[in-house]
**Q** 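Quick one: structure below, then a few questions.
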Amino acid sequence: MGTPTRVAHLTSVHPRGDARIFLKQCKSLAGAGYDVSLLVADGLGAERRAGIEIIDVGRPRGRLQRMLKVPRKIFAELMQRDFELLHLHDPELIPLGLKFKRLGKKVIFDAHEDLPRQILGKHYLNRPARLLLSKASGWYEAWACRKFDAIVAATPHIRQKFEKINRATVDVNNYPVFAELATDNGIDRGNLSVCYLGGLAEIRGIDEMVRAMELVERDAVLLLAGAFDDSDIEARVTARPGWRRVNFLGWIDRDGVRDVLHSSRAGLVTLHPLVNYLDSLPVKMFEYMAAGLPVIASNFPLWQKILDENECGICVDPLDPREIAAAIDRLLDNPDESRRMGENGRRAVREKYNWSIEEKKLLALYEDIRSA
């Protein structure tokens, strides 16, 4: 490429080790010869990791400071450096992207979520407020994103929305790096553990999962990795009888994720049926598949289609602990069926749901922008 194109990935929300941003996109770009920096706001300081410069603008105190002060700090850092291309990962950084477009920089917006639909799922807001904010955010997002050089969408559903706004839109799905999690062991594990990895929130089904453990007939344990986002939910869930059958691991790194997956007999992803989840592609589902685990997932039409077509899991009503418990017992009681599902899932990830395919789309987009 001659002189490496200087690229900055920007986030005010995500951690520096975020799987989509750092482990996949930044590392893939650095491997392709780009000079990549990552600007974060986590308070852990500057460092250089895997050939990528990490610039920390400091951890904010609260959501308001994150939204108001962090973009200004990121702007100040960027003004001291000569980046050619900026890749934004949070909606609150859109105004920052517009500033740099006016300065002649190339800007990509990465739509991790369908923002207007996500706002509709925020039930701590009353309905009129949700509707108003959803409509306003959708209008602003569309107006701003027309001005950017490209949009990267995390799912085909999000891509379809942005294609109407910006023709330079591509979906780069958040599928796993197959080699990171794949194992030849299948589900031949000696224990009776099932697992859930991710945010521990009411809308992500933590209460139903723990209640399901009360009903599971086999002597099973739920390996639970993540952090609670609400102390009231944490107090309620940990007081349930099913919590005695939970091995709570807290936050774990990628090595810990791999260990949990390789110690489990099935993986749970039973999110509540909120509008912003129905068309999502949760990376944990594909990570379970890559590790050879059968999946127990919410019975959303898209997820049901994926699991049925690949014969790699069971869909359940995420609001019914009895269905979740019955699915756990079925997989533990039928190791041959579980092994077949696990092998099918691993094959599906190897052939189509893996980062190496998505990486090609990302690099092609960057090359188009760089050469324009």
Side-chain angles (χ1 to χ4, degrees), residues 17 19 23 175-200 204-206 208-228 237-238 240 242-271 282-298 307 310 312-314 316 321 324-350 353-355:
L23 293 178
Y175 296 149
V177 178
F178 180 70
E180 181 194 13
L181 300 173
T183 172
D184 292 330
N185 294 333
I187 57 95
D188 292 322
R189 285 98 176 179
N191 57 42
L192 295 179
S193 298
V194 296
C195 68
Y196 170 79
L197 309 172
L200 306 180
R204 292 177 177 267
I206 181 59
E208 288 81 8
M209 283 188 282
V210 173
R211 288 165 60 195
M213 294 309 297
E214 301 172 22
L215 305 172
V216 171
E217 295 181 2
R218 297 295 297 272
D219 188 21
V221 173
L222 172 62
L223 302 178
L224 192 61
F228 283 93
V237 168
T238 56
R240 290 198 178 280
W243 189 257
R244 293 194 294 268
R245 300 176 71 177
V246 172
N247 182 0
F248 180 47
L249 305 171
W251 183 90
I252 56 176
D253 60 16
R254 295 303 291 176
D255 288 337
V257 168
R258 187 164 51 248
D259 290 344
V260 168
L261 293 177
H262 293 180
S263 300
S264 301
R265 297 277 293 273
L268 295 165
V269 52
T270 51
L271 307 185
V283 65
K284 63 176 65 67
M285 180 164 75
F286 299 100
E287 290 181 341
Y288 297 154
M289 292 162 61
L293 299 183
V295 180
I296 299 171
S298 302
L307 296 193
N310 296 287
C312 62
I314 302 170
V316 298
I324 299 170
I328 293 171
D329 278 324
R330 172 181 162 184
L331 293 174
L332 296 181
D333 287 339
N334 297 278
D336 289 341
E337 180 185 23
S338 296
R339 186 178 302 107
R340 178 180 59 81
M341 287 183 178
E343 291 170 353
N344 289 343
R346 185 168 55 232
R347 184 183 307 111
V349 172
R350 183 174 61 244
Y353 301 120
N354 67 76
W355 176 248

**Q** Could you check whether any side-chain N or O of H262 sits under 3.5 Å from a backbone N or O of V257, counting only pairs where one atom can act as donor and the other as acceptor?
**A** no
**Q** For a 4.5 angstrom cut-off between non-hydrogen side-chain atoms, does C195 reach Y288?
**A** yes
**Q** Side-chain contact, heavy-atom cut-off 4.5 Å: P335 with R265?
**A** yes
**Q** Taking all non-hydrogen atoms of both residues, which atom of L331 and which atom of S338 are closest, and how far apart?
**A** O-OG, 2.6 Å
**Q** Rounded to the nearest 0.5 Å, how far apart are CG of L197 and OG of S264?
**A** 7.5 Å
**Q** Calculate, to the nearest 0.5 Å, the distance between atoms OG and CE belonging to S298 and M285 respectively.
**A** 9.5 Å
**Q** Hey, what do you get for CG (D329) to CG (N334), rounding to the nearest 0.5 Å?
**A** 10.0 Å
**Q** Just wondering, do I296 and V316 contact through their side chains at under 4.5 Å, heavy atoms?
**A** yes
**Q** Before giving the answer on salt bridge (Lys or Arg N to Asp or Glu O under 4.0 Å), spell out for E337 and R330 the whole-Å C-alpha distance, their side-chain angles and the decisive distance to 0.1 Å.
**A** CA-CA 9 Å; E337 180 185 23; R330 172 181 162 184; 2.4 Å; yes
**Q** What pair of heavy atoms forms the shortest contact from L215 to A325, and how long is it?
**A** CB-CB, 3.7 Å
**Q** Tell me, do S193 and L222 make a side-chain contact under 4.5 Å, heavy atoms counted?
**A** no
**Q** Rounded to the nearest 0.5 Å, what's the gap from SG on C312 to CZ on R346? Could you check?
**A** 12.0 Å
**Q** List the steps, then state whether side chain to side chain contact (heavy atoms under 4.5 Å, CB included) holds for V260 with L249.
**A** CA-CA 9 Å; V260 168; L249 305 171; 3.4 Å; yes
**Q** Among I206, V194, N247, which residue meets the side chain to side chain contact (heavy atoms under 4.5 Å, CB included) test with L224?
**A** I206
**Q** Which pairs count as salt bridge (charged side-chain N to carboxylate O under 4.0 Å, His left out) when at least one residue sits in residues 250-260, sequence neighbours excluded?
**A** E180-R254, R254-E287, D255-R258
**Q** Give, for atom CE of M289 and atom CG of L261, the distance between the pair rounded to the nearest 0.5 Å.
**A** 13.0 Å
**Q** Name all residues meeting the ring pair (Phe, Tyr, Trp, His ring centres under 6.0 Å) criterion together with Y353; count only those two or more places apart in sequence or in a different chain, and write none if there are none.
**A** Y175, F286
**Q** For E214, is the CD atom crowded, meaning more than 12 foreign heavy atoms sit under 6.0 Å from it?
**A** yes
**Q** Is there a side-chain contact between Y196 and T270 (heavy atoms, below 4.5 Å)?
**A** no
**Q** So do the side chains of V349 and P176 get within less than 4.5 Å of each other, counting heavy atoms only?
**A** yes
**Q** Got L200 and F248 here, is their nearest side-chain heavy-atom distance under 4.5 Å?
**A** yes
**Q** How far does CG of L192 sit from CD1 of I328, to the nearest 0.5 angstrom?
**A** 11.5 Å
**Q** Are R218 and D333 side-chain neighbours, meaning at least one heavy-atom pair lies under 4.5 Å?
**A** yes
